Amino acid sequence: MENITGLTLGGGVWTPEFATVLDPKKCIGCGRCFKVCPRDVLDLIDRGEDMELDDDEDYDEDDTASVMTLANPRDCIGCGACGRVCPKGCYSYAAMPVQP
Ligand code: SF4
Ligand code: SF4
C-alpha cells in the first residue's frame, strides 16, 4: 500500500515519518517534546507501575513522576520535532500507509 506523502513549498515530495512509539521507560517527563508539538498529540500523565525508568539513578523520583504519552497519535503530521528535542531518545517513527 502507498505511504502518505506531502509536498514542500518548492514542490518536492517528502514522506513524513509519524511518531509511533514513545518509550515510557526512557522518558523523564521533561516536557520538551510537548512544547514543540504543533498538533497537540502529546500529553503528560502520571507514571504507572509498569512505566518505571530503565535508568533513574540521576533523577529525583519527584522530578520523574510524570511521563509523556502519545495521547492523540492520529493527529500526528510526522514533523519529527519531538524526537529532535528529546534528550533521552524516546521516540520511534515510521512512514505510514494512506488510511482508507
Ligand atoms: S512528529 Fe510532530 S506532530 Fe507528531 S508527535 Fe512529534 S512533534 Fe507532534
Ligand atoms: S522530550 Fe523525551 S524525555 Fe522529555 S518528556 Fe518528551 S519524550 Fe519524555
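Heavy atoms only: backbone and side chains are in, while hydrogens, waters and symmetry mates are out. All figures in this text were calculated on a predicted structure; none of them were measured in a lab. Order of listing sets the numbers, starting from 1, for every ligand and every atom in it.
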**Request:** Check step by step if side chain to side chain contact (heavy atoms under 4.5 Å, CB included) holds for C82 and Y93.
**Result:** CA-CA 11 Å; C82 45; Y93 298 89; 2.9 Å; yes

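- Proximity of Y91 to ligand 2 is established by a heavy-atom distance of less than 4.0 Å.
- Taking every non-hydrogen atom of G29 and a distance limit under 4.0 Å, the qualifying atoms of ligand 2 come out as 5 (S), 8 (Fe).
- Regarding atom 1 (S) of ligand 1, its nearest protein heavy-atom neighbour is G80 N, 3.2 Å.
- In this structure, S92 contributes its side chain and T20 its backbone to no donor-acceptor pair below 3.5 Å.
- With T69 contributing its side chain and D43 its backbone, the two residues share a donor-acceptor pair below 3.5 Å.
- Heavy-atom minimum distance, P87 versus R32: CG-NH1, 3.7 Å.
- Here is the list of ligand 2 atoms found below 4.0 Å of a heavy atom in G31: 4 (Fe), 5 (S).
- The protein heavy atom nearest to atom 2 (Fe) of ligand 2 is C86 SG, 2.3 Å.
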**Asked** Going through the distances and angles, do M68 and C33 end up as a side chain to side chain contact (heavy atoms under 4.5 Å, CB included)?
**Response** CA-CA 8 Å; M68 200 62 69; C33 54; 3.6 Å; yes

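- For I77, the heavy-atom gap to ligand 1 drops under 4.0 angstrom.
- Taking CD1 from I77 and SG from C37, the interatomic distance works out to 7.5 Å, rounded to the nearest 0.5 Å.
- The nearest heavy-atom contact from the protein to atom 4 (Fe) of ligand 2 is C30 SG, 2.2 Å.
- Among protein heavy atoms, the minimum distance from atom 8 (Fe) of ligand 2 is reached at C27 SG, 2.4 Å.
- Looking only at protein heavy atoms, the nearest one to atom 3 (S) of ligand 2 is I28 N, 3.5 Å.
- In this structure, R39 contributes its side chain and N72 its backbone to no donor-acceptor pair below 3.5 Å.
- Side-chain atoms of D75 do not come within 3.5 Å of backbone N or O of D40 as any donor-acceptor pair.
- Near C82, with a cut-off below 4.0 Å to any heavy atom, the atoms of ligand 1 are 1 (S), 5 (S), 6 (Fe), 7 (S).
- Residue-ligand proximity, C90 to ligand 2, at heavy-atom distances under 4.0 Å covers atoms 2 (Fe), 3 (S), 7 (S).
- Protein heavy atom closest to atom 6 (Fe) of ligand 2, with residue, atom name and distance, is C33 SG, 2.2 Å.
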